[in-house]
Engineer: 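Okay, handing you the structure first.
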Amino acid sequence: MPIPTSPAGTAAPARSSAAPRVAVVTGGSRGIGRRTVGRLAADGYAVVVGYAGNRAEAEAAVKEAVAGGGGAIAVRADVADEHAVVALFDAAEAEFGGVDAVVHTAGRMHLGPIAELDLAVLDDLHRTNIRGTFAVVQQAARRVRPGGAIVTFSTSVLGLAFPGYGAYAASKGAVEALTLILARELRGRDVTANTVAPGPTATDMFLDGKNEETVARLAAQPPLERLGSTADIAEVVAFLASPAGHWINGQVIRANGGIV
Ligand SMILES: NC(=O)c1ccc[n+]([C@@H]2O[C@H](COP(=O)([O-])OP(=O)(O)OC[C@H]3O[C@@H](n4cnc5c(N)ncnc54)[C@H](OP(=O)(O)O)[C@@H]3O)[C@@H](O)[C@H]2O)c1
């Protein structure tokens with residue numbers, strides 16, 4: 001039976017066993033993505049740090065990864081711009097010889113009641129979170145080498161259904177749907193696709209615009225009685241991307257300290 005090929009017509013060539021594994025991390029300049037860059041570098045990955053505009057933070061992420069012993073470069077790419085995403089993956093292949101893990105953390109959040117939300121804000125949010133995810137996983141589906149992993153990001157708020165999160169949660173529902181279908185479309189390629197859905201995690205995205213009382217209330221909700229840290233989430237990603245996590249496929253991992 002012939003080996004199924006990628007949409008581009010050829011499966012990505014296998015990695016030579018001597019070469020380091022290569023990861024593309026979108027949103028690698030800050031928050032969960034930034035921590036993931038360091039975590040994967042510590043595992044020996046060469047890392048491509050994707051970012052939107054925050055060059056100084058992306059360069060700092062590269063420095064940290066290189067200090068940890070890995071190779072790393074920073075590439076600016078708006079994830080919703082398909083040409084920029086192609087260039088991001090081209091850079092990974094040109095610099096490091098291929099792609100083994102794609103960790104797509106880049107995302108945005110805007111809160112507001114459904115009755116009041118400006119539809120221009122909705123379009124803007126969905127451009128990054130849905131179109132951006134589609135553009136990134138489309139390249140990932142074409143290029144990740146056998147044995148590799150694709151990890152996208154949703155949110156535990158899909159289950160929590162907090163008021164005010166309608167537009168954001170809707171965009172992440174799309175990410176979950178897309179990732180599950182991608183896992184099935186990758187049949188025969190030996191590449192996994194999973195979504196990590198964190199609960200409240202101490203990053204700019206979560207903390208910006210919230211007062212101390214709101215942060216404390218949300219931090220108290222999980223049975224583990226604290227906010228998630230970027231390290232908590234980076235560990236989950238590192239496992240999913242590793243050979244040890246390869247049997248997990250087509251899943252949504254709600255990494256949230258048990259919040260319900
Ligand atoms: N923090 C939480 O509580 C939480 C909970 C559930 C799910 N999540 C999800 O986890 C993921 C990471 O969140 P975070 O808290 O780490 O966010 P964050 O601290 O706000 O960082 C967002 C990252 O995404 C990048 N980014 C934003 N828009 C982009 C675009 N259009 N193109 C390319 N890069 C873009 C930013 O780049 P620049 O630095 O260049 O701006 C930054 O590196 C997101 O998908 C988020 O929805 C977070």
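Only a predicted model underlies this, so the values are computations on that prediction, with no experimental measurement involved.
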Engineer: Examine distances only and state if a side-chain atom of D100 and a backbone atom of V22 form a donor-acceptor pair shorter than 3.5 Å.
Structural biologist: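 At least one qualifying donor-acceptor pair exists.
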
Engineer: Are T179 and V137 packed together at the side-chain level, in the sense that at least one heavy-atom pair is separated by less than 4.5 angstrom?
Structural biologist: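 Answer no - side chains too far apart.
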
Engineer: Give the cluster check for I253 versus V237: same hydrophobic cluster or not, with ILVMFWY residues linked at side-chain heavy-atom distances below 4.5 Å.
Structural biologist: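 The answer is yes; both residues are in one hydrophobic cluster.
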
Engineer: Flag the pair R143 and D90 as a salt bridge only when some basic side-chain nitrogen lies within less than 4.0 angstrom of an acidic carboxylate oxygen.
Structural biologist: yes

Engineer: Step through the shown structure and confirm whether more than 12 heavy atoms of other residues, nucleotides or ligands are within 6.0 Å of NZ on K210.
Structural biologist: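 Yes.
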
Engineer: Within the 4.5 Å heavy-atom criterion, are F153 and T195 side-chain neighbours or not?
Structural biologist: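 No, too far: nothing below the 4.5 Å cut-off.
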
Engineer: Nearest 0.5 angstrom please: R35 CZ to E235 CD, how far?
Structural biologist: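 It comes to 8.5 Å.
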
Engineer: Please give me the minimum heavy-atom distance between F96 and G71, naming the atom from each residue.
Structural biologist: CZ-C, 3.9 Å

Engineer: Do N129 and K172 have side chains that get closer than 4.5 Å, going by heavy atoms?
Structural biologist: yes

Engineer: Look at the side chain of T36 and the backbone N and O of A234, then say whether any donor-acceptor pair between them is shorter than 3.5 Å.
Structural biologist: no

Engineer: Can you name the nearest heavy-atom pair linking P198 to I32, along with the distance?
Structural biologist: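 Answer, listing the atom of P198 first, then I32: CG-CD1, 4.2 Å.
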
Engineer: Assigning hydrophobic clusters by single linkage (Ile, Leu, Val, Met, Phe, Trp, Tyr; side-chain heavy-atom cutoff under 4.5 Å), is F206 placed with F162?
Structural biologist: yes

Engineer: Is there a side-chain hydrogen bond (donor to acceptor under 3.5 Å, both in side chains) between R21 and Y45? Walk through the geometry before answering.
Structural biologist: CA-CA 5 Å; R21 284 166 70 87; Y45 282 79; 3.1 Å; yes

Engineer: So, for V25 and L40, which heavy atoms are closest and what is the spacing to 0.1 Å?
Structural biologist: CG2-CD1, 4.1 Å

Engineer: After noting the C-alpha distance and the side-chain angles of K63 and V66, does the key distance pass the side-chain contact (heavy atoms from CB on, under 4.5 Å) rule?
Structural biologist: CA-CA 5 Å; K63 264 195 191 152; V66 169; 5.9 Å; no

Engineer: Which heavy atom of Y51 sits nearest to which heavy atom of A74, and what is that distance?
Structural biologist: CE2-CB, 4.1 Å

Engineer: Determine yes or no for a side-chain-to-main-chain donor-acceptor pair under 3.5 angstrom, with S171 supplying the side chain and Y168 the backbone.
Structural biologist: yes

Engineer: Decide side-chain contact (heavy atoms from CB on, under 4.5 Å) for R127 and D78; before the verdict, give the C-alpha distance in whole Å, the side-chain angles of both, and the deciding distance to 0.1 Å.
Structural biologist: CA-CA 10 Å; R127 182 176 184 277; D78 173 0; 3.0 Å; yes

Engineer: Do V79 and F134 have side chains that approach each other closer than 4.5 Å (heavy atoms only, starting at C-beta)?
Structural biologist: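 SC-SC contact between V79 and F134 ruled out.
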
Engineer: Do side-chain atoms of Q251 reach the backbone of N249 as a donor and acceptor pair under 3.5 angstrom?
Structural biologist: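 The answer is yes, because a donor-acceptor pair under 3.5 Å joins these two groups.
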
Engineer: Does atom CD1 of I114 have more than 12 heavy-atom neighbours, drawn from other residues, nucleotides or ligands, at distances under 6.0 Å?
Structural biologist: no

Engineer: Transitively linked via ILVMFWY side-chain contacts under 4.5 Å: V191 with L178?
Structural biologist: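 Same cluster: V191 reaches L178 through Ile, Leu, Val, Met, Phe, Trp or Tyr contacts under 4.5 Å.
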
Engineer: Just how far is it from atom CG of L122 to atom CG of D118, taken to the nearest 0.5 Å?
Structural biologist: 9.0 Å

Engineer: Restricting to non-hydrogen atoms, name the atom on A202 and the atom on L227 that form the minimum distance, rounded to 0.1 Å.
Structural biologist: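 So the minimum-distance heavy-atom pair works out to CB-CD1, 4.0 Å.
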
Engineer: Identify the residue among N194, V151, V196 that makes a side-chain contact (heavy atoms from CB on, under 4.5 Å) with V236.
Structural biologist: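 Going through the options one by one, the only one that passes is V196.
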
Engineer: Is it the case that the side chain of R226 and the backbone of G257 share a donor-acceptor pair, with hydrogens and angles ignored and the cut-off at 3.5 Å?
Structural biologist: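 It does not hold such a pair.
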
Engineer: List the residues meeting side chain to side chain contact (heavy atoms under 4.5 Å, CB included) with L180, not counting sequence neighbours, and say none if there are none.
Structural biologist: R184

Engineer: Grouping I, L, V, M, F, W and Y whenever their side-chain heavy atoms are under 4.5 Å apart, do V48 and L240 come out in a common cluster?
Structural biologist: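 No; L240 is not reachable from V48 via cluster members.
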
Engineer: Using a 4.5 Å cut-off on heavy atoms from C-beta on, say whether the side chain of H246 contacts that of D190.
Structural biologist: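 Result yes, sub-4.5 Å side-chain heavy-atom pair found.
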
Engineer: For a side-chain contact (heavy atoms from CB on, under 4.5 Å) check, start with the C-alpha distance between L186 and I150, then their side-chain angles and the critical distance, and finish with the verdict.
Structural biologist: CA-CA 10 Å; L186 289 168; I150 299 167; 3.9 Å; yes

Engineer: So how far is it from E176 CD to I181 CD1, rounded to the nearest 0.5 Å?
Structural biologist: 12.0 Å

Engineer: Do V24 and V49 make a side-chain contact, defined as non-hydrogen atoms from C-beta onward lying under 4.5 Å apart?
Structural biologist: no

Engineer: Checking side-chain hydrogen bond (donor to acceptor under 3.5 Å, both in side chains) for the pair T152/H104: CA distance, chi angles, key distance, verdict?
Structural biologist: CA-CA 5 Å; T152 60; H104 173 53; over 6 Å; no

Engineer: OG of S29 to CD of E59: how many Å apart, nearest 0.5 Å?
Structural biologist: 10.5 Å

Engineer: Please step through salt bridge (charged side-chain N to carboxylate O under 4.0 Å, His left out) for the pair D43 and R39, ending with a clear verdict.
Structural biologist: CA-CA 7 Å; D43 272 354; R39 182 63 186 77; 2.9 Å; yes

Engineer: As a quick check of understanding, evaluate salt bridge (charged side-chain N to carboxylate O under 4.0 Å, His left out) for R142 and E185, giving each step before the final call.
Structural biologist: CA-CA 11 Å; R142 293 177 183 178; E185 290 182 355; over 6 Å; no

Engineer: Show the numbers, then the answer: is there a side-chain contact (heavy atoms from CB on, under 4.5 Å) between T128 and L125?
Structural biologist: CA-CA 6 Å; T128 298; L125 188 63; over 6 Å; no

Engineer: Please report the interatomic distance OG1(T230) to CG(D232), rounded to the nearest 0.5 Å.
Structural biologist: 8.0 Å

Engineer: Does any part of the side chain of V86, heavy atoms only, come nearer than 4.5 Å to the side chain of Q139, both counted from C-beta?
Structural biologist: yes

Engineer: Run D204 and R34 through salt bridge (charged side-chain N to carboxylate O under 4.0 Å, His left out) and show every step you take.
Structural biologist: CA-CA 12 Å; D204 295 345; R34 170 76 165 267; over 6 Å; no

Engineer: Any donor and acceptor pair, going by atom type alone, linking the side chain of T105 with main-chain N or O of T26 inside 3.5 Å?
Structural biologist: yes

Engineer: How far does CG of L218 sit from CD1 of I259, to the nearest 0.5 angstrom?
Structural biologist: 6.5 Å

Engineer: Is there a side-chain contact between Y165 and M109, using heavy atoms and a 4.5 Å cut-off?
Structural biologist: yes

Engineer: Give me the atom names and distance for the closest heavy-atom approach of A52 to R76.
Structural biologist: O-NE, 3.0 Å

